[in-house]
Amino acid sequence: MKVYLDCAATTPVAKDAAKAMLRYSGRDFGNASSLHWFGQQAREGVEAARQKAAEFLNCSLTEVFFTGSATEADNLAVSGVINTAKKNGIVKPHVIISAIEHPAVLEPVKHLEKSGEIEATYLAVGKDGIVKTESIEKAIRPDTVLISIMYANNEIGTVQPVAEIARIIRDFRGLKQYPVFHTDAVQAANYLDCDTQKLGVDSLTLSGHKIYGPKGVGVLYVKKGVGVEPVMFGGHQEQSLRPGTENVAAIAGMGAAIAGLKAQSPKIKNDVEKLRNKLIDGILKNIPKTYLNGSREHRLPNNANISFQGVEGESILMALDQKGIAVSTGSACASGSLEPSHVLMALGLSHQQAHGSVRFTLGKHTTKEEINYVLKVLPEVIKKLRAISPLK
Ligand code: PLP
């Protein structure tokens, strides 16, 4: 039996997305900037995907920008706003992000802070993995140009009160331009409302491969009037904000994936949540010294992040892999690093607890039989690993 419980790393590719990719990798191979028929076929593919993204985000077509990944979209959202602020005469802009942002936001901010270009505030989260809105009010300064708080966390699945944060920022901003509010909605898009009008955000990031679409494509929504300078220079694609020949196949695949999200029945969310709850309850009940990381209530329906005392998460991952079960420790981006997850450390976990954590992320394909299989196999795996572990 093969059980894939790593949907936060990447999702399977939906049939419609694969079909769209095939079409624009084959028959309709043209360059979307070419004026002839072949080019126009490709252009139609790009614009149809933009239409789907705009409907999903409830925004206009000119507010949707395709990028080469969500990492690129996040970097653009951060650096683009900072560069504009500098052009507007703010010499050393101030930026606020949460301490549990994905590296795609965290690292560009750290990099710019290190090189002395900006000042940064990293907002702490509570033990529940949620940012306290009062801390945002306290951190905002007259020179704050950007606030970036992710909609849902990739490791622990906790959901931030984005609409409430947007309200606080709008109240502070009044008629001024800053601070701009960006949210990384990469993990949220499968399960939460991404209507940008309702959320009240100024920019928002999506990734193709977390929503049953292709890898290597992202979307950055930028509200009309928000100043985002390009970080790359070249042709005039994507209104010159993201130059480079469009990856038509990936964009069309992402469009199909977004259409799939829109068409998704709310029942899927409930079904996934029920199975996830069965998994959490089964583990906490049947395996001693196990702890759920992050809020149970304000959490994506498909995420279970659990610390197993006295065992290394990596060992659990390898042992489960041998049984055909795919899970992850922390995030896929952090694998290969010996540092404990910055997200789990921000929750106040010890190094040992952080290293002993495993992330299970379900998808719409997950079945009751698969969860039963995990619950059958896992207690024995943990028992065996604990017996040989030097950790206590
Ligand atoms: N933001 C979040 C919250 C993510 O989970 C990921 C991927 O793990 C990214 C950004 C980066 O996405 P991409 O792989 O498209 O660059």
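The shown structure was predicted, so the numbers you read here are calculated from the model rather than taken from an experiment. First listed ligand is number 1; within each ligand, the first listed atom is number 1.
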Handout entry: Test log, rule salt bridge (Lys or Arg N to Asp or Glu O under 4.0 Å), inputs Arg50 and Glu47
Key = CA-CA 5 Å; Arg50 199 184 311 283; Glu47 296 315 316; 2.7 Å; yes

Exercise for the section: Could you pull out all residues at least two apart from Thr144 that satisfy side chain to side chain donor-acceptor pair (under 3.5 Å)? Expected result: His94

Handout entry: Note: Asp128-Arg296 ion pair, threshold 4.0 Å (strictly below)
Key = no

Handout entry: Close side-chain approach of Thr183 and Leu204, heavy atoms under 4.5 Å
Key = yes

Problem - Best match, Glu72, His209, His102: closest heavy atom to atom 6 (C) of ligand 1 - result: His102

Handout entry: Met150 neighbourhood, listing ligand 1 atoms whose heavy-atom distance to it stays under 4.0 Å
Key = 3 (C)

Handout entry: Per-residue contact class, Lys210 against ligand 1 - non-hydrogen pairs under 4.0 Å
Key = side chain

Practice task
Could you tell me which atoms of ligand 1, counted from 1 in the order shown, lie closer than 4.0 angstrom to a heavy atom of Val186?
Solution key: 1 (N), 2 (C), 3 (C), 4 (C), 5 (O), 6 (C), 10 (C)

Practice task
Look at the side chain of Glu101 and the backbone N and O of Met150, then say whether any donor-acceptor pair between them is shorter than 3.5 Å.
Solution key: yes

Handout entry: Any N/O pair Gln187/ligand 1 closer than 3.5 Å
Key = yes

Practice task
Ignoring hydrogens and angles, tell me if any N or O in the side chain of Arg276 forms a donor-acceptor pair with the backbone of Leu300 under 3.5 Å.
Solution key: yes

Handout entry: Atom indices of ligand 1, in the order listed, that fall short of 4.0 Å to a heavy atom of Asp74
Key = 1 (N), 10 (C)

Handout entry: Asp184, portion touching ligand 1 at heavy-atom distance under 4.0 Å
Key = side chain

Fill in the blank from the handout: Judged by heavy atoms only, the candidate from Ser207, Pro103, Gly216 nearest atom 15 (O) of ligand 1 is Ser207

